[in-house]
Every structure is written in C-alpha cells, then in structure tokens.
Amino acid sequence: MLQEEINSSSQEESELFGDLTAPQRQAVRTTEGPLLVLAGAGSGKTRVITRRIAYLIRQGVPPWSILAVTFTNKAAAEMRERVLHVLGHDPRQTRGLTVTTFHSLCARLLRRYAEAAGLKPEFSIYDSADQATLAKRVIAELQLSTSNWPPRSVLSAISSAKNDLLDAEEFAARAHDFYSRTVAKIYQGYQKALRLAGAVDFDDLLVLTAKLLKGNEQVRRECNERWRYLLIDEYQDTNHAQFVIASLIAGNGEEGRPPNICVVGDPDQAIYGWRGADIENILEFEKSYPGTNVITLGENFRSTAPILSAADRLIRNNTRRKHKDLFTSRQGGDRVEVTLTRDENHEASLVVDWLKSVKDERDGSPTSLTWREMAVFYRTNSLSRVIEDALRSAGIPYTIARGTAFYDREEVKTAVAYLRLVANASDDVSLGRVVNTPTRGIGATTFRKIEEHALRHGTPVLQAMRNAGQILDVAGRGAAAVGKFVEMIDEWTGSGTFMGASVSATLAELVSRIIRDSGLEAMYRAQAKASGSDADMERLDNLDELVSSARQFEMEFDAMADPASQTHDEDGLARPDDSTPPLLAMLRAYLESIALVADADAVDASQGAVTLMTLHAAKGLEFKAVAIIGLEEGQLPHSRARESIEQLEEERRLCFVGITRAMRRLLMTSSRYRTMRGIPERTIPSRFLDELPREVTVFSDQAEVTGGLEDFIERGEGPGTRFEPEGEFAPRDSKRAKLAWSSSSAKNAAFPVGAIVRHPQFGEGEIVTITAGANARATIRFRGVGTKTLVLEYARLTRVR
DNA sequence: TTGCGATCCCTTTTT
DNA sequence: GGGATCGCAA
C-alpha cells in the first residue's frame, strides 16, 4: 500500500504507456465520452483494452463501475488476468470489475431481475438441440409436418427475428405471406412453450434483457449507476440486440455529457453477419453518439511482412469496405506457402509433414517452435476429421477447439439434463430426456399420455406426473414407475427446497449422487462390461469428469462475484442475496456456465498440442505457425455463401482472419479432390488463392506428386492428376502464371519449372512442377520414359539448360 | 417396452 | 460417410 503511494506518476506512466504507440496511448487515455477504436488485425488491441481498464482504475475509477464485454468467456478470463497483472496482482484493485460476454451478462441480469423480466430465476438456457426438440413439438401441435417446416430453418428465421428484437407478436404483425405467417405461428407457439418450460434460448437472453432495460426504469437506472465505463470488444460482430443493450446500459451520461462508451472492432474481421451481426453497427454508433472520437490502429505487431501483405492484398478485393492501411516495420520472414494436393488424405499428410518440418527447422535455435504454437484452421468442422487421423497416427499431440464437445456427449448431456430438471422442475425438454434413461418402465406411450395431460392443463409435465396415479388411464405398473421417478427427484431436491438432512451439501456431491441414484452409472457400467469397448469405458470416465468439473466450479465460484445473486450498496460493494439456498444458487450458476461455453473457450495453449479449429473460432487468437486447409470453391468461399456479394465478402474476411492469425509461418492448402458425403468430388481452387500476391507466396502443385512408384510413373497425362486451373482461379495465361509462381521459390531456384535436366538413369527431361521445403520434389517429364516425381536431394540431377 | 437394424437425410460458421 | 430417426421383432 505504502509502496504504491511512493510510486511516482511517471513510473506509472511508463508502466502503462511505455511500450505503446501514439495512437494506442491515445486510445487508452481517451476515457471520457464515446470512443470508437478501429483496430486492425494484430494491432495490439487486447493490450490497449487491458491498459485502458488498468488506467481507469489507476485514475481512481472504482473497478465495479467498469463493464467490459468480450466475445468469449476465455477472452474475458484472460482480460481479467491481464488487468490484474498490470495492476501488480493486487486482487483488491479489480474487485467488482465486470469482464464478461454479452450472453453471460444477460443471463446474470435476467437472473437477478428475474421477476421484472417475467422469468423464474431458475430458468434453463436451451441449446440448439433443446430448441429443436421444442420446435418440433410445437410444429407437431400445430398439425404441420416437420418435413415442410424443418425445425432448424424455422428456428433460424425465429433467431434472426429475435436478433432484430422482433418478438412473436411484432413478427406476426409483419407477416404477410403464407410462409412467414406460418413461421409466426410457430414462433408464438415456441415462445409459449419456452416460457411454460421456464426456459430461454440463446437469443432470448439478449431479447429479454433489451426488453427489461427498455421497459423497466428502475433496472435501467441501477445499471446506469453501477456501470459508468463501458467497453465492448469485437464490436464488428455485435448485432442489433446487443447494440441496444449496450446503449441502454451506457445510458445518457451524466450532467448532459455523453456516456463513456468505448467500442473496439475491425470491420475487416466481421464474420458473423449470418448471426445478425451488422457492420452498420459501427456507422450506427457514430450516429447514436455524435462527436464520437475515432482512433485507428493500423500498425501490425504480429505477422511478418509477407503474411501481412498477403492478408492486405486479399482484403482489398472487398468492395464494400473502408480501406485501412495495414503496415509493419518488420523486415523479412518466410513466404506464404500455397500448396495444391490430390485429396483430403494427401492434404492431411502434407499438413502433418509441414508441421513437423516447421518444428524441426527451428529446433535447437532460440526461435524453436513447439506444437502449442501451431494451429490448423478449416472452414467447416467436418474437415477436422482427416487432419485428426493424420495427426494421431503421426503421434503429434493435438486439441480441437470445440468447447461444447464434452457437454455434447450423450452421457454428459443426460446427466446435465437431470441437473437442469432438479434446478427447474418445469424444464420439460430435460424431463423428456431423462424420464426413461436409464429405462425404468416409463415408455413412450405412458409418457405421451402424461404429456397430453400436462398440455391440456397447462402445467409442467413433472407436475402432471405427480398426479399420474389418480387422473390418468396409466396402467398400475406405469403409475408405480412414475411415482418412483418423482420420488427420486424430490429426494434430491428436498422436495424443491434444497434444504434438509437428505439433501446434498455440495454441488459435486449432488452431481455424483444424481449420476449414481438415477442409475446412469450402473447403466453405462453394464454396457461397458457387456461390450468391453473403450468407448463405453470412456462414458464412465466422462461422468466422473463431470463430477470433477462441478467440484472445480465449486472451488472457483465466488457468490460475492456473481451478479445474479447479489445486490449492491450505494458504494457499489456486493452484498450476497440470502433468499436462495446456496446449493441452488450454485447449481444455477454452474448450469449457466455450461450452457454458455464457446468453442474458443477450449483453446488451451498450456497443453503443448497443435490446435485445430474453425476459422470462426480462430478470431482473436494468434499462432506462430498456421495451416489453413480446404481453400476450394464451395468450401472457402462456402457454397452456401455464393449467392450474394455480401456473403462472398464475408467469406473473404473469414479467410483474412485466418491469415492474420499467423505470426511467422503460413501454409494454405487446396485439395484437387474432396470427398463430400462419401463421394469424391473434383474441386476448383479457391479464388482467394488467386488474389494473393505472387511475390510473397510460394506455390507448389503436389497434386501430381504421389507416394508409390507405380503411382506416379506414366500418370502424368491421366485424367484428374494434373492441375488445370479453372474458373476464377485460372489466370488468363495460366502457364505463365504457374511458372511465375513456381519460380518464385527461392529455394528451388536452381531447378525452375521449364528447366531441362539430366538424370543418370532416365536421361533428359523437363521440369513440370517443383515444390518447396527440405524434401522438395520435382515432377519431371522425361523423353520416352514418361513423367516421374523425384526428391531433389536424392535425384542426382544436373541442369542442362 | 425395449432394442436393433434399415433407411433417410444431410451439410456452414456459433453464443 | 455418418448420425438420427423410424419401424419391426422379441
């Protein structure tokens, strides 16, 4: 404490600003009023945000009056950690600081102000599977067929309505054609079913919060008063609902001054248009807050010049774009490698070889790369499988950034459904999932009868089950089974009170008890015993893992820091709310944390493994070496995105995001053939490859290079083995372009494409293609002997001319 | 009521 | 190629 007072302000200055550029400093210092920071890729955005928060606190702004919104929980946790670091690891300095995602923030506000929002505080958060289950039921109740009204597409229409803050009634009022009128009906039924189940979907979190803030002055005032400094990261990916929430929380500012709201984003990295994100939000921001300060951060501190130049040239092809110069003062760096492969297996093995070579190349040197510094990106999740297989068989450790993967496991989902039912007795979707898992004699017929009864009376299904014996024509056997089930639930919850001697004391205890008492564990144990398969053993492990995760959560959970269960005194200090049993409060928070995990949350650099993820999940991250696979028309740009210029440009931005993640090495592959739903299809290289500047890329066509000897001899002229540029990718003079690309490889300058060489055995031949790297191979067309592929190092070639 | 096998449909990206 | 769903047999 004393030490801090001794600190001279100049010392603080250099701590906070010493390593910042002028625009970065300005972004940190401009704390008052609306501020828009246009931060180019790799421009030190995170650093600026972190310093800004630290600076505010140093200036005497109470930490609890600062709200920072990030895109993922992971980013939020990291930001909090970094702020703490800058402030010298004194936890008192960040007490009450809120760093969170929009969805978490909303979930917490809705829990805290549940009554005002028209919800019960134990509301469940439905994921897309739950949503589909519910939508299906609603569609069936409306006597519509799910083949004419596929739940997923109806849900996506509902979702975009919600992102524009259109509720079911407003949507219905605007629906004029048959299709949208029907969707409106489903929308209304779906919302009713959600509320009946005491559940909200992801979009509801935003919609209901916006509604709450708009309609309830007291709540709005409380938020305005608490959070005086608002900071929003990845602003280019916020949608209308999020914008409204942000402005409502920011309020009107004090004493006629505009509110202190700072948004940070990069229009070139807007990749969530399909989710309702609107680049226009940035324009809207300046309109809503006249006199907004705008600061542009253009200098890149992440990537080498060739990588940056590739990214810059690519993104220049977007027409609907405000150009922003990307520049670096760094010199040198390896060129971007662009490689054409035969099929996805070939591509995978090539990527694996590349990763290995990148690792070896730098081994022993001070700049040696480790697995954790490498990543593989792809457009669609389905592309990960082949890469995974290749990495596994090569013995390279890898992790996939799929945050939800664990909770998507059948056994984990079932266990979580029990927990949700325990927390929220109205949760019919969860009830439906667990009622007969493991089988306990409550079959489909019995359950349907109960469901119908519940529907008629407008009660939750579990409620109807309590009366099953008397009211329904459920057979005695069924009624007994139902009675036993209800009894089991009551036993866990203390009949809903979460009090009493028989109720678990801790969350982990509750989870493990439910897994045991429900018979889930016994069921999977029996299965594992019967099959003896690893997969079934793994299920048991996963259930154990769930208990561990609950224990972990319990340790980290800080009731005082949970905005959902606290109120604030005048001075902003938290006071715990004691009307909720602690176990229930913790269970709610735990389930919420499970519901809101993001894929990117699973990125864990400490694992020492190569990270695999979609381009979307890669946003905000950086790696020393990056491989992007599947650069083909239909894949990237995706076939579903080719309809409009807007969509195509979003695909280009996606590619841009991928490229700009790479710090030192970048490989982009395109496969000549790709197996789609079991059928190998010929592909066309992505137009984006053609947009990369030749002078910073090394192109290599490995599509002709094959593994086995007989595979490549005399294969040169066969169909599909040659690279023939097509469509957009084909330059006017493809031969010359190819030559230019190939010969740009400095390493193989001795044997450029077109050179005539002599081989001791095969005689004279012409170099057709050549690849880069340590194991460079050349495809050579020999006179009379045919085309062969040879590894340069061993081929004993001499150049003739 | 349960469990297994055949058939159908699919395919973007995610909080 | 694979996951989900449906239908049928025990």
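Chain A is the first sequence line, chain B the second, and so forth, proteins listed ahead of strands; every chain is numbered from 1.
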> Between A:D237 (CG) and B:dT14 (P), how many Å, whole number?
Replying inline: 13 Å
Polar atom pairs (N or O), protein with nucleotides 2-8 of chain C, under 3.5 Å:
from, atom 1, to, atom 2, distance (Å)
C:dT5, OP1, A:K136, NZ, 3.4

> Roughly how many Å is it from CD in A:Q242 to C1' in B:dT14, rounded to a whole number?
Replying inline: 12 Å
> With a 4.0 Å cut-off on heavy atoms, is A:Y272 in touch with a base, just the backbone sugar-phosphate, or nothing at all?
Replying inline: sugar-phosphate
> So, do A:F202 and B:dT14 meet the stacking rule of ring centres under 5.5 Å and planes under 30°?
Replying inline: no
>> Taking 5.5 Å and 30° as the limits, would you call A:H103 and the base of B:dT15 a stacked pair?
In response: no
> Under 4.0 angstrom, heavy atoms only, what part of the nucleic acid is A:N381 near: base, sugar-phosphate, or nothing?
Replying inline: sugar-phosphate
>> In this structure, how many angstroms lie between the C1' atom of B:dT13 and the CD atom of A:Q635, rounded?
In response: 11 Å
>> Below the 4.0 Å mark, does C:dG1 have OP1 or OP2 next to a side-chain nitrogen or oxygen of A:T675?
In response: no
>> In whole Å, I'd like the distance from the CD atom of A:Q131 to the P atom of B:dT14.
In response: 15 Å
> What is the distance, rounded to the nearest whole Å, between atom CZ of A:F71 and atom C1' of B:dT13?
Replying inline: 11 Å
> Hey, does A:D203 reach any base, or is it just sugar-phosphate, or nothing, if we go heavy atoms under 4.0 Å?
Replying inline: nothing
>> With nearest nucleotide decided by heavy atoms, which residue, A:A641 or A:I442, maps closer to the 5′ end of DNA chain B?
In response: A:I442
>> Without decimals, in angstroms, what is the distance between A:R108 CZ and B:dT15 P?
In response: 17 Å
> Taking the six-membered ring of A:F123, is the NZ or CZ of A:R111 close enough (under 6.0 Å from the centre) and on axis enough (within 45°)?
Replying inline: yes
> With ring centroids as reference points, do A:Y272 and A:H616 lie under 6.0 angstrom apart?
Replying inline: yes
> How close do A:Y190 and A:I158 get, heavy atom to heavy atom, and via which atoms?
Replying inline: CD2-CD1, 4.2 Å
>> Name the residue from A:D427, A:L431, A:V429, A:V435 that meets the side chain to side chain contact (heavy atoms under 4.5 Å, CB included) definition with A:V461.
In response: A:L431
> Quick one: salt bridge (charged side-chain N to carboxylate O under 4.0 Å, His left out) partners of A:D389, sequence neighbours excluded?
Replying inline: A:R392
> If we take the C1' atom in both C:dT5 and B:dT12, what is their distance in whole Å?
Replying inline: 23 Å
> Atom CG of A:L110 to atom P of B:dT15: distance rounded to whole Å?
Replying inline: 19 Å
> With no hydrogens and no angle check, do the side chains of A:Q191 and A:K162 hold a donor and an acceptor under 3.5 Å apart?
Replying inline: yes
> Relative to A:F71, does A:K619 satisfy both conditions: NZ or CZ under 6.0 angstrom from the six-membered ring centre, and within 45 degrees of the ring's axis?
Replying inline: yes
> Between the base of B:dT12 and the side chain of A:R640, is there a donor-acceptor distance below 3.5 Å?
Replying inline: no
>> Quick check on B:dT1: is either OP1 or OP2 less than 4.0 Å from any side-chain nitrogen or oxygen of A:T446?
In response: yes
> Can you name the salt bridge (charged side-chain N to carboxylate O under 4.0 Å, His left out) partners of A:K45, sequence neighbours left out?
Replying inline: A:D233, A:E234
>> Applying a 4.0 Å non-hydrogen cut-off, can you work out what A:T445 is touching in the nucleic acid: base, sugar-phosphate, or nothing?
In response: sugar-phosphate
>> If you assign A:R152 and A:T614 each to the DNA chain B nucleotide with the nearest heavy atom, which residue ends up on the more 5' nucleotide?
In response: A:R152
> Whole-Å distance between B:dT13 P and A:I400 CD1?
Replying inline: 13 Å
> Which of these nucleotides, B:dG3, B:dT13, B:dT15, is closest to any side-chain atom of A:T439?
Replying inline: B:dG3
